[in-house]
There are 2 protein chains.
Amino acid sequence: MSATIKDIARETGLALATISKYINGGTVRPQNKKQIDEAIRKLNYVPRNTARGLRSSKTYRIGLVSGPPNNPHNAFLLSKIENTMRAHGYSLTFMSGDKYKDHVNKFVPHMLRSGIDGLIISSFCLSKDICSAVEHTKIPVVELEEHSHFHRTDCVQTSCTSGAYEIVEHLIKMGHQKIALVNGSPASYTACERKKGYLRALEDYDIPVNPDYIIAENYANDFGYQAMQKLWNLPERPTAVFSANYTLCLGIYEAIYSLGIRIPEDLSVVSFDDFELSMLLSPQLTAVRQPLTGLAEQACDLLLRRMNGDYSDFPRTIRLKPECIYRDSVRDLFSDAK
Amino acid sequence: MSATIKDIARETGLALATISKYINGGTVRPQNKKQIDEAIRKLNYVPRNTARGLRSSKTYRIGLVSGPPNNPHNAFLLSKIENTMRAHGYSLTFMSGDKYKDHVNKFVPHMLRSGIDGLIISSFCLSKDICSAVEHTKIPVVELEEHSHFHRTDCVQTSCTSGAYEIVEHLIKMGHQKIALVNGSPASYTACERKKGYLRALEDYDIPVNPDYIIAENYANDFGYQAMQKLWNLPERPTAVFSANYTLCLGIYEAIYSLGIRIPEDLSVVSFDDFELSMLLSPQLTAVRQPLTGLAEQACDLLLRRMNGDYSDFPRTIRLKPECIYRDSVRDLFSDAK
DNA sequence: CTGAAAGCGCTAACAA
DNA sequence: TTGTTAGCGCTTTCAG
């Protein structure tokens, strides 16, 4: 066992409380300061946050529960949140899992047991039971993007409806009418919002909805692949596909390659989520870029304020607008017609 | 403040110690068991790991320090490690940062303060001071890939030399002689190993080393971009480029697109690290795939054993062989000559 | 199998 | 400014 504050006290001849106060930013006599610093260095003393927390009932730790980090969307949020919270003196306990298995309901209790001062939940929709268990602990929660069964919660989200609307509208303006949507689970809040945007755009331009063109099951890569296969087997193929997220898009692209489909000649493709990848595909992908930095910042800000007891604007819903990035994966049917 | 073990004791009329023992897997009279379970549910009791740890000097938490998770390599490791450790009852404190700023030297003390039973360090090379601070705490450390200034440490690494050798040999067998290397910092262990593999292959095939073809500075995207620009401005352009990691490769591809270079007609490209991306690029990228699952598993296994006091094989160095995936980004100069 | 008591490392009152 | 004291929630002897 390494040195404790007691050892420092013994070494310097000062009282525990003095050392403690100094460590926590209090002022001590310069000479004592020097002595303490020296003793700390000499004994390699590291204050144990766990012991501090026991007393102050703060753990200086927050939890982040999210989808798998090998999705760049989650990775970016994780990275940004971790960095921000660390700058505020918190460390980050991270748990992730596949969205489509119900691990989640085990994550959160585990997280609670591990001891956290606040919790950010991203990509996941929690069950009622879990939500009430969390609410019972009184620790502040910020939901990122999804919408669980909390009684009332702060949440930060991308305005998916507007992003989806805008990109579908772009397809329409380029002359597309047969537009397919490959989407996540209907149980997912974000998936619903994206579909809503898609439907609104069609409605506003008087384009009839073709149920065959809407394939929704989950956000997995594989599903994107299968969905694309299915679409291409339709007697009347779509001229454009709107992929509702990044992982789906990867699967769709794989299918497109294996089917030998040319973009945008044979098929136009747009997607929610914009990443490095989008630029490296040829042709470059037209996509909806989420305000990831903003999402992370707002979530952290909200959580920090709640942890500091500022509930003045609770519960708050913050919606940030995404941005469409227009590249070369959409064919302009009008100009072709000329 | 939510319920404590005391409340359960009061509620059930049993002693603290009995409850504690039951919670930790001890046996109690069936009737008491029922009572305790009921009280726990009723009061929504969650045992505080922080308080447990104070007594048992275990935190049930491990730390992972790594490069940014928006690199799929790091993301994969993180995900795998977190899942594995969680299955063993540990939660994961994650800190990451840009490899090329010296945040790292602040991470580790922060990590130590936060309280962990073990530490995995990936991608980072720690300073001597930090290493001795860590060694002082006696908590087990496993290094993934890089090699710090620890006195003695367990480490798990990809055998970079053999991966690099094999992929460069492939280029040579396809008739390439003018092979460039875009590499990370010479201070990086992995970068050195990858260069070593490159040099050995050239040496074995009696190909002279052209210093202009070796550009090494760091693993950043931007640097890959610049390096590629530089290579293409050379009076004698290389016929092939070996990118030493994923992020560099992204930058190289961006440069290739913007310069209008055709792969593999004008230039062959191979890279360390293989991801979804590699398959979606056209043409598909020939790459070295690291045994990521194996790396994560071995690191966890080693750390778990050390945390359980098993030091029988300390210090252990585990090296796993990568695998080359041959795709279409390399031009066969011999068959062209026929 | 159960209970009483001590104490893990630290902070927060309060007193000096 | 510094010291004293009590106690955070839990585990761990050691008796019963």
Side-chain angles (χ1 to χ4, degrees), chain A residues 1-37 39-40 43-61 89 91 112-117 136-139, chain B residues 1-37 39-40 43-61 89 109 112-117 136-139:
Chain A
M1 183 71 68
S2 38
T4 76
I5 200 169
K6 242 184 197 162
D7 298 316
I8 305 294
R10 201 173 15 233
E11 181 79 15
T12 57
L14 296 166
L16 285 189
T18 311
I19 319 287
S20 170
K21 203 188 294 171
Y22 171 61
I23 287 173
N24 290 290
T27 40
V28 296
R29 226 168 281 163
Q31 197 198 333
N32 289 339
K33 172 179 154 53
K34 202 183 288 181
Q35 270 194 55
I36 298 175
D37 283 334
I40 289 179
L43 301 179
N44 248 297
Y45 169 67
V46 179
R48 249 135 292 189
N49 258 346
T50 54
R52 298 171 110 193
L54 188 54
R55 191 65 247 239
S56 55
S57 75
K58 285 211 51 162
T59 63
Y60 309 96
R61 218 175 302 125
S91 58
L112 260 26
R113 229 173 300 130
S114 85
I116 47 173
D117 295 338
H136 219 91
T137 66
K138 300 276 194 340
I139 60 172
Chain B
M1 184 70 70
S2 38
T4 77
I5 200 170
K6 241 181 196 163
D7 299 316
I8 306 294
R10 197 170 21 231
E11 181 79 15
T12 58
L14 296 165
L16 284 189
T18 311
I19 319 288
S20 169
K21 201 189 295 173
Y22 172 61
I23 287 172
N24 289 289
T27 41
V28 295
R29 225 169 280 163
Q31 198 198 333
N32 290 340
K33 171 179 154 51
K34 202 183 287 180
Q35 270 193 55
I36 298 176
D37 283 334
I40 290 180
L43 301 179
N44 248 296
Y45 170 66
V46 178
R48 251 135 290 190
N49 258 345
T50 55
R52 297 170 109 193
L54 188 54
R55 195 63 245 242
S56 55
S57 75
K58 284 211 53 162
T59 62
Y60 309 96
R61 218 175 301 127
L112 261 26
R113 230 172 301 128
S114 86
I116 47 174
D117 295 338
H136 219 91
T137 65
K138 299 276 194 342
I139 61 171

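Naming convention: chains lettered A, B, ... in sequence-line order (proteins, then strands); numbering from 1 in each chain. Hydrogens, waters and symmetry mates play no part in the numbers below; they use all other heavy atoms, side chains included.
With sequence neighbours excluded, the residues satisfying side chain to side chain contact (heavy atoms under 4.5 Å, CB included) with A/Lys58 are A/Ser56, A/Tyr60, A/Tyr90, A/Asp117. For B/Arg61, there are no side-chain hydrogen bond (donor to acceptor under 3.5 Å, both in side chains) partners two or more places apart in sequence or in a different chain. Among residues two or more places apart in sequence or in another chain, the side chain to side chain contact (heavy atoms under 4.5 Å, CB included) test is passed with A/Ala17 by none. For B/Arg10, the salt bridge (charged side-chain N to carboxylate O under 4.0 Å, His left out) partners at least two apart in sequence or on another chain are B/Asp7. In terms of the salt bridge (charged side-chain N to carboxylate O under 4.0 Å, His left out) criterion, B/Lys6 has no residue partners (sequence neighbours excluded). Judged as a salt bridge (charged side-chain N to carboxylate O under 4.0 Å, His left out), and not counting sequence neighbours, B/Lys34 has no contacts. Judged as a side-chain hydrogen bond (donor to acceptor under 3.5 Å, both in side chains), and not counting sequence neighbours, the contacts of B/Asp37 are B/Tyr22, B/Lys33. Residues satisfying the side chain to side chain contact (heavy atoms under 4.5 Å, CB included) criterion with A/Thr12, sequence neighbours excluded, are A/Ile8, A/Leu14, A/Ile19, A/Gln35, A/Ile36, A/Ala39.
Distance B/Lys58 NZ to D/dC10 C1': 16 Å, rounded to the nearest Å. Atom pair B/Arg10:CZ and D/dG9:P shows a separation of 11 Å (rounding to whole Å applied).
Here CZ of A/Arg48 is found 9.5 Å from CG of B/Leu54. Values are rounded to the nearest 0.5 Å.
Interface residues of residues 27-37 of chain B facing DNA chain C, ordered by number: B/Thr27, B/Val28, B/Arg29, B/Asn32; criterion, heavy-atom separation under 4.0 Å.
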Nucleotide-resolved protein contact map, nucleotides 10-16 of chain C, B/S/- at heavy-atom distance under 4.0 Å: SBB----
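Counting only residues at least two apart or in different chains, salt bridge (Lys or Arg N to Asp or Glu O under 4.0 Å) contacts with residues 11-30 of chain B comprise B/Glu11-B/Lys42.
The bend of the helix from C/dC1-D/dG16 to C/dA16-D/dT1, defined by the angle between the axes of its first five and last five pairs, stands at 30° to the nearest 10°.
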